[in-house]
Amino acid sequence: MASKSVFQMSRATLETPSIINLASFSPARTRQLHAHIVKTGLLIDHSLSSKLLSLYANHRCFSEASIFLNSLDEPSSSSFSIIINAFSKFNLFGNVVDLFRKMLSEGVVLDSYLLPAVAKACAGLSAFRLGRQVHGLAQVSGCSSDVVVQSSLVHMYVKCRRLGIAHKVLDGIPEPDVVTYSAIIAGYARNGDVGMAKRLTNDMGKLGLEPNLVSWNGLIAGFNQSGRYLEAIYVFLDMHLRGCQPDGSSFSSVLAAIADLDVLHAGVQVHGYVIKRGFACDKWVVSSLIDMYGKYACVSEMKQVFHEMGCMEIGACNALVSALSRNGLVNDGLVMFSQMREQGMDLNVVSWTSMIACCSQNGKDVEALELFAEMQLAGVVPNAVTIPCLLPACGNTAALMHGKAAHCYSIRRQIVNDVFVGSALTDMYAKCGKISHSKLCFDAMPTRNPVSWNAIIGGYAMHGQDKEALEMFDLMLKSGQKPNSVTFTCLLSACNQKGLVDEGWRYFNSMYKEYGVEARTEHYACMVSLLSRVGKLEEAYSLIKEMPMEPDACVWGALLSSCRTYKNLQLGEIASERLFKLEPRNPGNYVLLSNIYASKSMWVDVNRVRNLMKETGLKKNPGCSWIEIKNKVHMLLAGDRTHPQMAQINRKLETLGKEMKKAGLDPKIDYVLQDVEEQDKEQMLCGHSEKLAVAFGLLNTPAGFPLHVIKNLRICGDCHAVIKFISGIEGREIFVRDTNRFHHFKDGECSCGDYW
DNA sequence: GTAGGGTTAG
């Protein structure tokens with residue numbers, strides 16, 4: 001019968017749909033049936049209309065389903081129920097609520113078959129107030145004694161984190177089943193209330209209810225969500241000992257717990273168990289395995305797990321992208337992402353966000369911003385995780401317009417109150433030179449975590465507003481928030497900028513004694529820089545000798561710079577000897593030492609250092625010749641034909657072209673790009689080359705970046721001049737945060753921090 | 001015809 005066209009069926013057949021095999025109807029055939037009914041004016045009985053509705057709904061043909069629903073004279077509650085349940089099945093929670101509201105407004109009586117779907121939608125939307133109203137409606141309409149309705153309400157309250165109410169509803173159920181019980185137990189576990197979770201588990205046992213797979217899994221997940229990873233692993237073991245075989249859900253949860261502890265051996269054991277139980281190709285398990293191996297820096301293992309799965313699955317691909325990013329393999333991440341796109345995979349918000357995070361966390365800021373634009377073109381909606389991943393890229397390039405757009409978007413999407421979004425906005429505005437905006441964002445945050453406080457303290461420190469930075473720290477303590485390692489780095493750098501030696505020592509000494517935060521290399525580097533900046537070179541050197549860890553190049557570099565300032569040869573030699581070992585290919589170190597010798601007219605030693613540089617294979621300092629820099633800048637500018645100030649630039653270029661010819665340089669655009677790209681990579685990443693690369697990077701950024709920040713730059717005279725020049729020719733505002741202070745360049749002038 | 005567990009992004 002099913003093979004026959006609808007049009008060939010007799011009226012009698014269609015009026016007795018029970019004999020037609022409707023289950024095999026395709027969407028097209030369903031539309032045919034619908035058309036036939038409309039055309040012939042067939043008498044539609046309740047059974048036929050229900051079947052047509054469920055055919056449409058299960059094929060996700062919701063517009064057809066609602067057209068049909070609207071065509072019914074008096075749609076019953078069960079007709080609404082069919083579509084509402086289908087919406088819920090496909091997680092279309094907003095649609096569930098809308099249709100439910102419509103149904104109520106039409107005065108249709110409630111039935112207990114659709115309430116669970118509505119409760120599930122409230123849970124999915126975390127809409128507690130709406131859920132409570134639904135509960136009230138269930139009571140008024142007499143549906144609240146239905147055990148499935150009660151159970152669904154328990155789940156709803158647990159998901160909305162209202163455990164007290166959930167518990168009360170549970171107490172009202174005469175014979176709750178295992179899963180309803182387990183929902184509350186998992187809820188308590190998720191809130192970190194281990195005692196209550198255990199007590200209820202005992203209560204459940206007394207009632208003769210044995211936990212089943214779903215309840216075990218819920219409990220493991222609950223402990224994971226409250227960060228109690230060890231408890232989660234114990235539950236997994238308990239489950240195993242009590243003879244319940246884990247499934248993909250149990251494995252993926254326990255692996256996630258293992259990933260956040262330092263127990264790789266346990267992870268390897270579970271991996272073995274996964275293989276034995278035949279879950280090595282389960283998409284959830286594979287994602288967790290990749291993530292776990294990624295967190296333990298087992299790069300080849302994570303790749304192997306991925307390849308052994310043998311197919312491109314979105315979750316596993318996303319996990320691989322973030323695992324590659326975590327291990328600094330940005331280019332591999334980008335390759336993976338482009339493969340995903342080439343294969344036409346349906347990239348979701350996690351895919352895009354992972355890739356954006358991968359770029360912004362690994363110095364590819366412009367790429368991160370471009371990806372964000374592409375994401376929106378692809379129609380994928382950014383969420384409360386995407387924005388904090390994107391904002392550092394805006395801050396690092398001082399792309400204030402993009403940052404502001406992201407801010408507006410967060411307000412529109414109502415995610416601006418998210419603690420991660422707020423902290424990232426505070427940080428972004430500070431890095432874009434807008435400290436007042438930064439403070440406004442910080443003040444507007446309803447809740448704050450240490451990251452939020454660090455953002456504002458670090459922001460003030462960056463802007464040289466030491467008083468405000470220290471005040472914010474006091475407020476942080478008063479609010480009951482504990483400072484962490486980063487907080488002290490921000491505070492010490494604020495002290496460092498202003499030469500506040502006493503305060504610096506006070507914070508440095510108190511960090512462990514009062515707050516239990518151990519001093520790390522960067523804290524020592526700040527102190528060494530602070531002490532040597534004010535001329536206390538011996539004190540700085542004593543501190544270095546006291547360090548419990550090996551001092552790094554930042555520490556020795558801070559000392560060496562001040563040795564040049566104070567012409568201290570003895571310590572300068574000690575510091576540079578260490579630096580030549582730590583970063584042999586940084587020309588800056590050689591230059592600093594030779595400067596000290598030169599200041600004492602020790603020309604033999606100056607030559608010795610220059611020869612040492614040559615022996616190391618370092619060419620002459622690429623940042624030394626002003627004419628070269630000027631020419632390179634202009635050749636780069638000439639490459640951007642769409643630049644709004646092209647005419648002005650061209651005029652300047654004409655003049656400079658003459659100068660270039662005089663200097664014997666080839667005025668080709670490629671010259672600079674090749675020069676930067678083909679340089680020895682190591683050399684490129686250090687010293688003057690880095691500064692130049694950053695300066696050129698400014699000019700390579702696309703339109704829409706009127707403001708720029710260069711960070712963590714020990715600024716040299718040439719670099720300063722280049723930036724000053726760029727700001728003049730382009731009318732851009734440029735901020736440079738060097739290790740000591742904030743420089744603001746505008747219209748070819750430097751308005752603060754200009755010490756040349 | 002109705003409820004119930006998981007992974008990957010900060």
Side-chain angles (χ1 to χ4, degrees), chain A residues 50-51 53-54 57-58 77-79 81-86 88-89 111-120 123 143 146-156 158-159 173 176-186 211-222 224-225 232 246-257 259 279 282-292 294 313-323 325-326 348-358 360-361 382-392 418-421 423-424 449 451:
Chain A
S50 296
K51 284 198 169 150
L53 273 178
S54 36
N58 286 313
S77 114
S78 63
S79 305
S81 171
I82 289 164
I83 307 182
I84 286 178
N85 280 314
S88 163
K89 183 172 139 190
D111 80 39
S112 61
Y113 289 119
L114 60 79
L115 279 171
V118 181
K120 182 185 165 187
C143 299
D146 182 290
V147 68
V148 180
V149 172
Q150 285 172 318
S151 183
S152 69
L153 288 168
V154 170
H155 283 101
M156 183 271 293
V158 172
K159 279 266 163 72
I173 306 179
D177 63 359
V178 182
V179 180
T180 312
Y181 238 109
S182 303
I184 299 221
I185 297 174
N212 64 13
L213 190 58
V214 173
S215 58
W216 282 118
N217 290 345
L219 196 54
I220 301 174
N224 262 359
Q225 283 156 12
D247 70 350
S249 165
S250 344
F251 280 128
S252 54
S253 294
V254 79
L255 286 166
F279 284 94
D282 180 293
K283 60 178 185 177
W284 301 93
V285 179
V286 170
S287 303
S288 297
L289 276 170
I290 293 171
D291 183 59
M292 180 197 75
E313 193 278 322
I314 189 76
C317 291
N318 293 346
L320 188 61
V321 167
S322 72
S325 160
R326 201 184 297 281
N348 58 26
V349 64
V350 179
S351 325
W352 287 99
T353 307
S354 308
M355 201 58 242
I356 291 170
C358 177
S360 69
Q361 287 161 7
N383 65 15
V385 182
T386 318
I387 301 302
C389 290
L390 174 77
L391 285 171
D418 181 279
V419 66
F420 288 101
V421 173
S423 309
N449 65 12
V451 179

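What you see below is based on every heavy atom in this structure, not just the backbone, and it leaves out hydrogens, waters and symmetry mates. Below, chain A is the first sequence line, B the second, and so on; all start at residue 1.
Contact annotation for A:Ala119: no contact, since no heavy-atom pair falls under 4.0 Å across all strands. A:Ile290 comes within 4.0 angstrom of no nucleic acid atom, judged by non-hydrogen atoms across all strands. Across all strands shown, A:Ser182 has no heavy atoms under 4.0 Å from either base or sugar-phosphate atoms. At the heavy-atom level, A:Lys159 lies under 4.0 Å from the strands shown only through sugar-phosphate atoms. As judged by a 4.0 angstrom heavy-atom cut-off over every strand, A:Ser288 is placed among residues touching the sugar-phosphate backbone only. Residue-level contact check: A:Ser354 touches the backbone only, with heavy atoms under 4.0 Å from sugar-phosphate atoms and none from bases. Across all strands, A:Ala221 comes closer than 4.0 Å only to sugar-phosphate atoms, never to a base (heavy-atom distances). Residue contacts for A:Glu313: at a heavy-atom cut-off of 4.0 Å it reaches no nucleic acid atom on any strand shown.
The shortest distance between side-chain heavy atoms of A:Ile173 and A:Val154 falls below 4.5 Å. With contacts defined as side-chain heavy-atom distances shorter than 4.5 Å, the pair A:Leu115/A:Asp146 does not qualify. Put simply, the side chain of A:Ile314 reaches to within 4.5 Å of the side chain of A:Ser351, judged on heavy atoms.
Within residues 246-254 of chain A, the residues that have a heavy atom under 4.0 Å from DNA chain B are, in order of number, A:Asp247, A:Gly248, A:Ser249, A:Ser252, A:Ser253.
Separation of atoms CD1 (A:Ile82) and NZ (A:Lys51) is listed at 10.5 Å; rounding is to 0.5 Å. Taking CG of A:Asn217 as the start and CD1 of A:Ile220 as the end, the distance is 5.5 Å to the nearest 0.5 Å.
Mapping heavy-atom proximity under 4.0 Å, the span of DNA chain B touched by chain A runs 5' to 3' from B:dG1 to B:dG10.
In summary, the side chains of A:Asp247 and A:Ser250 do present a donor paired with an acceptor at a separation below 3.5 Å, with no hydrogens or angles considered. For the residue pair A:Asn58/A:Ser54, the side-chain donor-acceptor check at 3.5 Å is not satisfied. Side chain to side chain, A:Ser215 and A:Asn212 meet the donor-acceptor criterion of an N or O pair below 3.5 Å.
The ring-ring contact (aromatic ring centres under 6.0 Å, His included) test applied to A:Tyr113 returns no partner, not counting sequence neighbours.
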